[in-house]
**Q** 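This is the structure I have questions about; it appears just below.
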Amino acid sequence: MTTLDFTTETNSLPTDLWSDEPLFESDLHLRQIILLLDCLDWLWQERQDYYATGHLTIYYSPSQLKKREFDGPDFFVVLNAEKRPRKSWVVWGEGGKFPDVIVELLSDSTAKIDRTQKKALYQNTFCTSEYFWFDPDTLEFQGFRLINAEYEAIAPNTLGHLWSEQLGLYLGLLDRKLRYFKASGELVPTSQEVALEAQERENRQRQRAETELELNRERQRTNQLVQRLRELGIDPDEI
């Protein structure tokens, strides 16, 4: 985590600023951001010490504010931050904190900038510990870790997943989507997948209960028949 050197100029700047982001590149980009947010929020539902969001402006310097250079990351996570809604991420209003993890979603219009200018910004100014980019169309996926003030490529495991030390999770592809995986390799589900699994488990339990109930009824009918035959002097074993 990086902190900003405060000056009189930054201390006098407003902290309650609205985000000023462009439109989403595509439906794929929107759904991917929602997926990353949903999975992390479900996994960390008991935690209150992080802030994760997407498509939100990061205000980090007076010059950026004056030039209106407002093009924030597609998705980012700040650790050791209060978990609450925000209009934007204003660095000088957050104790100088920058994102610890950033994910950019590439597109034809942004890929070159994401690979060059933004990579340099996140390395040299933000000093963000980990930077990933992913193309929802071509499935290009790469990650970098800040080592000695420079980004070095993160080596994939045998499944092609990249380890995030900051999140304590792997990032990797599944069904053409960028997903989280635990250290064990287990997929981190979405809240919808969790609800669906719970519903399927409930259905299986109900089916087992209904089957057991029907078997009990059948056993009861059989016992009643056997008892009736014996009352009539008929040995059911001889039938």
Side-chain angles (χ1 to χ4, degrees), residues 1-4 15 17-41 44 50-61 63-65 67-137 140-146 150-151 153-154 162 164-167 169 171-172 177-180:
M1 180 181 63
T2 308
T3 57
L4 184 72
T15 58
L17 298 170
W18 285 100
S19 182
D20 189 13
E21 293 300 295
L23 296 176
F24 286 101
E25 294 290 332
S26 72
D27 181 59
L28 290 175
H29 289 70
L30 172 60
R31 292 181 181 277
Q32 179 62 73
I33 292 172
I34 293 173
L35 182 60
L36 290 172
L37 282 171
D38 183 57
C39 291
L40 193 64
D41 283 341
W44 288 357
Y50 76 97
Y51 178 68
T53 192
H55 206 61
L56 196 77
T57 300
I58 295 177
Y59 296 100
Y60 60 91
S61 75
S63 61
Q64 174 220 16
L65 194 59
K67 295 178 182 178
R68 296 190 60 80
E69 298 174 340
F70 306 147
D71 194 5
D74 289 314
F75 174 79
F76 66 89
V77 181
V78 185
L79 303 175
N80 300 310
E82 183 182 358
K83 187 179 180 181
R84 60 176 175 81
R86 290 169 171 82
K87 297 177 181 178
S88 63
W89 184 265
V90 183
V91 172
W92 56 85
E94 300 284 353
K97 294 179 181 177
F98 285 90
D100 294 279
V101 177
I102 287 177
V103 178
E104 288 287 7
L105 303 178
L106 306 183
S107 67
D108 290 342
S109 62
T110 67
K112 183 177 180 179
I113 294 175
D114 290 336
R115 295 189 188 105
T116 56
Q117 295 178 25
K118 282 200 169 183
K119 184 182 177 185
L121 175 68
Y122 301 153
Q123 172 185 280
N124 302 325
T125 302
F126 285 23
C127 296
T128 292
S129 297
E130 294 171 341
Y131 174 42
F132 301 87
W133 66 55
F134 170 62
D135 190 322
D137 185 38
E140 177 186 343
F141 176 47
Q142 195 163 355
F144 304 88
R145 182 171 296 119
L146 196 65
E150 290 188 1
Y151 276 140
I154 300 174
L162 306 182
S164 168
E165 293 181 348
Q166 298 298 309
L167 301 179
L169 298 167
L171 282 84
K177 299 291 190 298
L178 187 61
R179 300 291 299 265
Y180 304 110

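Residue numbers count from 1 along this sequence. Just so you know, these numbers come straight off a predicted model, no measurement behind them.
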**Q** What pair of heavy atoms forms the shortest contact from Lys87 to Leu56, and how long is it?
**A** O-CD1, 3.4 Å
**Q** Measure the spacing between CG of Leu146 and CG of Asp100 and express it to the nearest 0.5 Å.
**A** 11.0 Å
**Q** Give me the ring orientation class for Tyr122 and Tyr131: parallel if the planes are under 30° apart, tilted from 30 to 60°, perpendicular past 60°.
**A** perpendicular
**Q** Report yes or no: do Ser19 and Thr57 form a side-chain donor-acceptor pair below 3.5 Å?
**A** yes
**Q** Roughly how far, to the nearest 0.5 Å, is OH of Tyr60 from CZ of Phe126?
**A** 5.5 Å
**Q** Does any N or O in the side chain of His29 come within less than 3.5 Å of the main-chain N or O of Leu106, such that one atom is a donor and the other an acceptor?
**A** yes
**Q** If you compare all heavy atoms of Lys83 against all heavy atoms of Trp44, which two are closest, and at what distance to 0.1 Å?
**A** NZ-O, 3.9 Å
**Q** Closer than 3.5 angstrom, by distance alone: can the side chain of Gln64 be matched with the main-chain N or O of Ile58 as a donor-acceptor pair?
**A** yes
**Q** Can you tell me if Asp74 uses its side chain to pair, donor with acceptor, with the backbone of Leu105 under 3.5 Å?
**A** yes
**Q** Go through Glu165 and Ser129 one step at a time and tell me if the side chain to side chain contact (heavy atoms under 4.5 Å, CB included) criterion holds.
**A** CA-CA 9 Å; Glu165 293 181 348; Ser129 297; over 6 Å; no
**Q** For Asn80 and Tyr50, run side chain to side chain contact (heavy atoms under 4.5 Å, CB included): C-alpha distance rounded to whole Å, both residues' side-chain angles, the deciding distance at 0.1 Å, then the answer.
**A** CA-CA 5 Å; Asn80 300 310; Tyr50 76 97; over 6 Å; no
**Q** With rounding to the nearest 0.5 angstrom, report the CG to OG1 distance, Asp41 to Thr53.
**A** 9.0 Å
**Q** Answer yes or no: is there a donor N or O on one side and an acceptor on the other, between the side chain of Glu140 and the main chain of Asp135, under 3.5 Å?
**A** no
**Q** At what distance, to the nearest 0.5 angstrom, does CD of Glu130 lie from OH of Tyr151?
**A** 9.0 Å
**Q** Side chain to side chain contact (heavy atoms under 4.5 Å, CB included) between Trp133 and Ile102: does it pass, once the steps are laid out?
**A** CA-CA 8 Å; Trp133 66 55; Ile102 287 177; over 6 Å; no
**Q** Testing the basics here: between Lys97 and Trp89, what is the closest heavy-atom pair and its distance to 0.1 Å?
**A** O-NE1, 2.8 Å
**Q** Taking side-chain hydrogen bond (donor to acceptor under 3.5 Å, both in side chains) as the definition, give me every residue that meets it alongside Tyr51, ordered by chain and number, with sequence neighbours left out.
**A** none
**Q** Of all heavy-atom pairs between Glu82 and Arg86, which one has the smallest distance, and what is that distance?
**A** O-NH1, 2.9 Å
**Q** For the NZ atom of Lys118 and the NZ atom of Lys112, what is their distance to the nearest 0.5 Å?
**A** 15.5 Å
**Q** Run through Val77, Val101, Val103 and flag the one making a side chain to side chain contact (heavy atoms under 4.5 Å, CB included) with Ser164.
**A** Val101
**Q** Kindly say whether Ile34 contributes a backbone atom to a donor-acceptor pair with the side chain of Asp38 at under 3.5 angstrom?
**A** no
**Q** The test is side chain to side chain contact (heavy atoms under 4.5 Å, CB included); show your working for Trp92 and Tyr59 and say whether it passes.
**A** CA-CA 8 Å; Trp92 56 85; Tyr59 296 100; 3.7 Å; yes
**Q** Work out which heavy atom in Phe141 is nearest to a heavy atom in Leu171; give both atom names and the distance.
**A** CE2-O, 3.4 Å
**Q** So which heavy atom on Leu40 is nearest to which on Ala52, and how close?
**A** CD2-CB, 4.0 Å
**Q** Do Lys119 and Phe144 meet the cation-pi criteria used here (NZ or CZ under 6.0 Å from the six-membered ring centre, within 45° of the axis)?
**A** yes
**Q** Give, for atom CD of Gln32 and atom CG of Asp27, the distance between the pair rounded to the nearest 0.5 Å.
**A** 11.5 Å
